[in-house]
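Working notes, structure below.
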Amino acid sequence: NKSLFISDIHFFHKNINVFEYEKRKCFTDKPKEFFEQQKSEEVNNEMKEIDKRMMDFILESILSEEREVEKVYFVGDFFFNFNTHKYKTYDYDFKLIEEFMNKIPYKKILILGNHDDLDFFKSTEEDHFYKKIFDEINFLESYENDKELVLITHYPIWFTETDSEQNYKREQSNPAFEKIDMLIRSRIKNIDKKITNIHWHIHSSPLEKKLEWVEYVNVSIENFL
């Protein structure tokens, strides 16, 4: 129990309060219809307050018990559509995010999600905001021993497989994630041990498409609310 996991935070995302209202309404006293007003300063201000309450919830959860913690994994979509241009121009208090992360006394690792800055590794900016708040940034991580293989990915394994009855369409996925998914599936095809996939992306929705020999663990924030 040396690692903690959370995902799907979606800082700055207005519509997440509509899509996941039943789960996230504990952070606001506003009705769902309130967040459907797309151009409202009142909505923007409430979003910022929700983000603050969410930070308090996360911190309290992380620090509430004495644990032998070494790492906290943010398994994708920490922000919503973050990029360096938005960082420089968006009306948001990024210092609040930085202060929040500085209060977490453990190693902080971001597993990149589709709404994070996927061009981070191409960036030449030494002052990229991600470098201020995360100790490591990767597309995936894995741990393995004699009995188990643990894969930490933003998308659940097999999300790229095309199926007319599912929403897992190749055209909806980023090529980087599709490549990762295909490499993982080729690697685990003949592994004779327990496989656990720690993921998110689907928020509170049930995972309808699974590999039978994989145990899926959804660590979306909605599943902790």
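If you're wondering where the values come from, they're calculated on a predicted model, not measured in any experiment. Start at 1 with the first residue, then count along the sequence.
- Glu42 CD: 12 or fewer foreign heavy atoms inside a 6.0 Å radius.
- Screening Ile111, Val72, Ile152 for a side-chain contact (heavy atoms from CB on, under 4.5 Å) involving Phe5 leaves a single residue, Ile152.
- Note on ring orientation: taking the six-membered ring where Trp is involved, the planes of Tyr155 and His201 are tilted (angle from 30° to 60°).
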- Is there a ring pair (Phe, Tyr, Trp, His ring centres under 6.0 Å) between Phe19 and His203 once you walk through the steps? CA-CA 10 Å; Phe19 301 147; His203 294 264; 8.5 Å; no
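- We find the OG1-CZ distance between Thr153 and Phe139 to be 12.5 Å, quoted to the nearest 0.5 Å.
- Ion pairing between a basic and an acidic side chain is recognised when a charged N comes within 4.0 Å of a carboxylate O; Lys48 and Glu41 show no such pairing.
- Taking the six-membered ring where the residue is Trp, His10 and His13 present parallel rings, their angle staying beneath 30° rather than reaching 60°.
- Taking the charged nitrogens against the carboxylate oxygens, Glu49 and Lys52 do have a contact shorter than 4.0 Å, which makes a salt bridge.
- Note: Tyr130 and Phe78 fail the aromatic proximity criterion, with ring centroids not under 6.0 Å apart.
- Just one residue in the list Val219, Ile109, Leu140, Ile9 forms a side-chain contact (heavy atoms from CB on, under 4.5 Å) with Val75, and that residue is Val219.
- Tyr73 is listed as a side-chain neighbour of Ser3, based on a closest heavy-atom distance under 4.5 Å.
- Between Asn197 and Pro156 the shortest side-chain heavy-atom distance falls below 4.5 Å.
- Lys210 pairs by the salt bridge (Lys or Arg N to Asp or Glu O under 4.0 Å) definition with nothing, not counting sequence neighbours.
- The structure places CZ of Phe80 at 8.0 Å from CD1 of Ile16, a figure rounded to the nearest 0.5 Å.
- The same ILVMFWY cluster, assembled from side-chain heavy atoms under 4.5 Å apart, contains both Leu112 and Ile157.
- Ring orientation note: the planes of Tyr21 and Phe35 are tilted relative to one another, at an angle of 30° to 60°.
- Side chain of Thr28 to main chain of Lys25: no donor-acceptor pair is present (N/O by atom type, distance under 3.5 Å, no hydrogens or angles).
- Aromatic ring centroids of Phe129 and Phe94 lie under 6.0 Å apart.
- Ion pair Glu136/Lys131 not flagged as a salt bridge, since none of the NZ, NE, NH1 or NH2 atoms sits closer than 4.0 Å to an Asp/Glu carboxylate oxygen.
- Ring geometry for Phe79 versus Phe11: interplanar angle of 30 to 60°, hence tilted.
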